[in-house]
Amino acid sequence: MAGIISGPSGSEGVNILLNHDFSSELNSWHLNNCTGYVISAESGNQGGISMESNVNYVVITDRKECWQGLEQDITNRISIGSTYTVSACVGVSGLSQRSSDVIATLKLEYHDSATRYLFIGRTSVNKDSWEKLEGTFSLSTMPHRVIFYLEGPAPGVDLLIRSVEINCSTPNNSTTSTGCVSAGDDNIIINPQFDDGLNNWSGRGCKIMLHDSMNDGKIVPKSGKFFASATERTQSWNGIQQEITGRVQRKLAYEVTALVRIFGNNVSTADVRATLWVQTPDLREQYIGIAKVQATDKDWVTMQGKFLLNGSPSKVVLYLEGPPPGTDILLNNLILKHAAKTPPSTPPDLKNIAFGVNIIENSNLADSTNGWFPLGNCTLSVKTGSPHIIPPMARDSLGSHEFLSGRYILVTNRTQTWMGPAQTITDKVKLFVTYQVSAWVRIGSGSSGPQNVNVALGVDNQWVNGGQTQVSDDMWHEIGGSFRIEKQPSKVMVYVQGPASGVDLMVAGLQIFPVDRHTRFRYLKIQTDKIRKRDVILKFSGLDSGSYANTSVKVIQTQNDFPIGTCISRMNIDNEDFVNFVVKHFNWAVFENELKWYWTEPQQGNFNYKDADNLLSLCQKHKIQTRGHCIFWEVDETVQQWIKSLNKNDLMTAVQNRLNGLLTRYKGKFSHYDVNNEMLHGSFYQDRLGKDIRANMFKTANQLDPSATLFVNDYHVEDGRDTRSSPDKYIHHILDLQEQGAPVGGIGIQGHIDSPIGPIVSSSLDKLGILGLPIWFTELDVSSVNEYVRADDLEVMLREAMAHPTVEGIMLWGFWELFMSRDNSHLVNAEGDINEAGKRFLSLKQEWLSHSRGHVDEQGQYNFRGFHGTYDVQVVTPSKKISKTFVLDKGDSPLVVSIDL
């Protein structure tokens, strides 16, 4: 029995439209500058379409514009937050061509802003048939008026409407309902197990076939009676698809689960991907990756993933793709449902953790090599002559400590790079605890070049990087790193490895100890106050000295000027909730992909600046400054195929055209440019055009847009995990560019980091600081399945950045679930809930605003110390109230603000 819902949002199955079947002629409906009349059931076939008995329909004629049709005001029958489904039975008459589109639209009128039009759905109608038009809508704010109307066919074509329904499918959470229930547990896919043959399925550029078995009965369904194959595939994107237009709603998260395998073409394993193709009302196309799994020809595997639509699409298709041409994709079943909300994390249990205590047994080698074993057929022995001091990065974490013993392990007879000293530490590591790694390492003679040395962990046979360094001399070198384990392992082994076979390895003072990262925060707060704040003297005049004590002052900082930004994408800004978060909490932005060369010129001469223009327009509207990322990208796999096919001269021309085109178009609009991304990890352009090309890119960019600061940008600079991009390597790289005349103006540290340790990050910043260039964290994200641990990771990075004088800005590499490059790194869940990491971020933003209140002192002044930024001052004297706004810039001496009362 249908329940009752309070408020205007209606009950499930109750049509909110009045006179939806036209039984009362056109009462409650209005014609949009055209003519209309109702054909009753008794009148027979007058519109050119055969009718069922006892069904009325309306004819809309004399249409001179596409937008003319039938409308109804539904303002008082809908509520914000509820989702409504629209279903209409429509036709056309008087048609010269074969078919025409009919469109359902909402007209949203506002008191204080322009009228908006919200696309709901469309269908293509043939002349002699009725078609079903379906769609959904939901409003996040309530306009002054909401008008529903049907439109679309060309002028002169009559629009026929047999019935229209608008039902509430998902109510506003604030509404009490027993009748309007979300169908979240229902599979959105029609015919998901092929019990109805191949109905509702089609091939995407290939054929599809139905099977109960294949390969002489060796392949049978894992569930149900049938499965389908996508066969005769000639492209990797060919596969099986189903259109789901009108069955998924914007701003809701959906989960896909599919049983898949592959067959044929002598391919035993291949990636199978689930992808969403979305067409927007303005005919933009989007491809959204949902899920990926390595499928085999031996058994069915489960593929899972999630997605969310930001905008209101006109068409949505879900399809499978991926394996090489000639390989069949087999699909047993596919489930698409509204994703259940992830339960919030609980704080990890850190009781009884001995912070700062080394978990390595016999680390000082007082008991020879007891507790150690050789990994492989190498030989371990104990020698003396290693450093007595603890490596600097560990010293900063440990505070007071004992000296090292001076003994070290000598590893000889190494015949493989992975051979070295090892210990099993399975019972000593705790879940969700962040461990710091520290050691002195050295190599013997006989190496043919620089050697990497790595502290590694084998966690159930998975390699985990605990830190590494490069050694090219006979000196002792510090290794500093970190790790965290978040899933219960059956075995954890730590070992030191790396140099080439035949090269002896020496290891001294290996320490692995849990770090209480919060203990450093007090020191970082003091440092932050020193470098991010300035003294202010509010100097009052025009006030009798006898009134000073009775004059109150209230100082409120409205904005901290330190740049904290985020990456955004064209897809994101269709979601008004995403945009609101950006505008409220960030003052800088960078585009995730939309300025990259592969996006702006995917094929030679085929330019797409529209997406970047849209993003830039949004940022300019809200006074958000922007970084240009990136002009070039040195990593081979990021370069378009058409560029790879060019000869040297044509490539040089293309590079010059890219510089001219991009920097001329956007001159003065981007404050920064990452000129040639990740030069420490790739060399595509340098290999083909010579060493000078890198410096020339900087020189030309500076000539074309002198106002932009030009950055280098690379990853794993700050965490001790990658010898290719150590701080020393980065410094030499930048100096080399500068020696060639490159106007390098800033250092970009991407900041894709795991289990960050403050002293390790700070040490890297200290080293880079010798160059005297501003440092930005350009792509910061942290990852943990536990939101509280993720929050700690983020706080470590933000506090270290704010407390270091060389850092002049922080860019997050996103914040919204399903729109980030790393899993478990989001601050806001897919449907808009701020998680613990997001709450920590907002708490820090509040901490970095200065507020003060008190009374004018005997000298007619009010003194305080505050963060750089914008302030409002409210002064209340015995006779009046006065307000003033001022900006506190960087400076060594106090800022004096005169206020005339």
Side-chain angles (χ1 to χ4, degrees), residues 2 8-78 84-95 99-107 117-137 145-169 246:
S9 59
S11 299
E12 183 182 29
V14 177
N15 192 349
I16 69 168
L17 288 172
L18 304 177
N19 187 27
H20 64 93
D21 57 0
F22 311 109
S23 56
S24 300
E25 295 294 324
L26 288 176
N27 287 343
S28 303
W29 292 95
H30 298 278
L31 296 162
N32 207 337
N33 296 319
C34 50
T35 304
Y37 54 89
V38 173
I39 301 292
S40 65
E42 291 77 18
S43 302
N45 178 13
Q46 296 186 22
I49 303 178
S50 59
M51 294 296 301
E52 301 171 12
S53 59
N54 64 43
V55 176
N56 301 330
Y57 68 98
V58 66
V59 179
I60 311 299
T61 189
D62 295 333
R63 299 176 61 258
K64 298 177 177 60
E65 302 286 350
C66 293
W67 50 265
Q68 291 175 339
L70 193 64
E71 66 179 38
Q72 186 172 138
D73 189 329
I74 58 172
T75 309
N76 296 324
R77 280 167 272 147
I78 61 171
Y84 297 89
T85 59
V86 175
S87 178
C89 187
V90 295
V92 292
S93 180
L95 192 59
S99 65
S100 186
D101 282 353
V102 177
I103 301 169
T105 306
L106 279 190
K107 181 180 181 182
Y117 295 87
L118 179 64
F119 171 87
I120 299 173
R122 78 172 69 197
T123 188
S124 183
V125 184
N126 292 319
K127 182 177 180 181
D128 297 321
S129 65
W130 292 100
E131 296 292 343
K132 196 171 189 178
L133 188 161
E134 294 180 306
T136 63
F137 69 87
R145 286 183 76 208
V146 182
I147 298 167
F148 168 82
Y149 67 99
L150 294 169
E151 58 170 335
V157 177
D158 292 349
L159 171 59
L160 313 182
I161 307 167
R162 193 165 74 179
S163 65
V164 196
E165 292 190 0
I166 301 180
N167 297 302
C168 168
S169 61

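Along the sequence shown, the residues carry numbers beginning at 1.
Under the ring pair (Phe, Tyr, Trp, His ring centres under 6.0 Å) criterion, F22 pairs with W29, sequence neighbours left out. Applying the side chain to side chain donor-acceptor pair (under 3.5 Å) criterion to D62, with sequence neighbours excluded, gives T35. By the side chain to side chain contact (heavy atoms under 4.5 Å, CB included) test, E25 pairs with V38, sequence neighbours left out. Applying the side chain to side chain contact (heavy atoms under 4.5 Å, CB included) test to C89 and every residue at least two apart in sequence or in another chain returns W130, R162, S163. In this view, E134 satisfies the side chain to side chain donor-acceptor pair (under 3.5 Å) rule with no residue, not counting sequence neighbours. By the side chain to side chain donor-acceptor pair (under 3.5 Å) test, S28 pairs with no residue at all, sequence neighbours left out. Shown here are the side chain to side chain donor-acceptor pair (under 3.5 Å) partners of D73, two or more places apart in sequence or in another chain: T75, R145.
Taking CD1 from I103 and OH from Y149, the interatomic distance works out to 9.0 Å, rounded to the nearest 0.5 Å. With rounding to the nearest 0.5 angstrom, the CG atom of N167 is 5.0 Å from the OG1 atom of T85. A distance of 4.5 Å separates CG of L106 from CZ of F137, quoted to the nearest 0.5 Å. Rounding to the nearest 0.5 Å places CD of E131 at 6.0 Å from CG of N126.
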Assess the residue pair T105 and E151 against the criterion (side chain to side chain donor-acceptor pair (under 3.5 Å)); give the C-alpha distance rounded to whole Å, side-chain angles, the decisive distance to 0.1 Å, and a yes or no.
CA-CA 8 Å; T105 306; E151 58 170 335; 2.5 Å; yes
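Under the 4.5 Å side-chain criterion, counting only non-hydrogen atoms from C-beta, L18 is in contact with R77. Inter-residue side-chain proximity for D21 and N56 is flagged as unmet; no heavy-atom pair is nearer than 4.5 Å. Contact annotation: the side chain of L70 approaches that of L31 to within less than 4.5 Å [non-hydrogen atoms, C-beta and beyond].
Minimum interatomic distance between V164 and L17 (heavy atoms only, all atoms of both residues): CG1-CD1, 3.5 Å.
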With a 3.5 Å cut-off and sequence neighbours excluded, list the donor-acceptor pairs that the side chains of residues 152-161 form with protein atoms.
residue: D158; atom: OD1; partner: T61; partner atom: OG1; Å: 2.8

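Judged by distance alone, with hydrogens and angles left aside, the side-chain atoms of E71 form no donor-acceptor pair with the main-chain N or O of H30 at under 3.5 Å. Without hydrogens or angle criteria, N15 side chain to I166 main chain gives a donor-acceptor distance under 3.5 Å.
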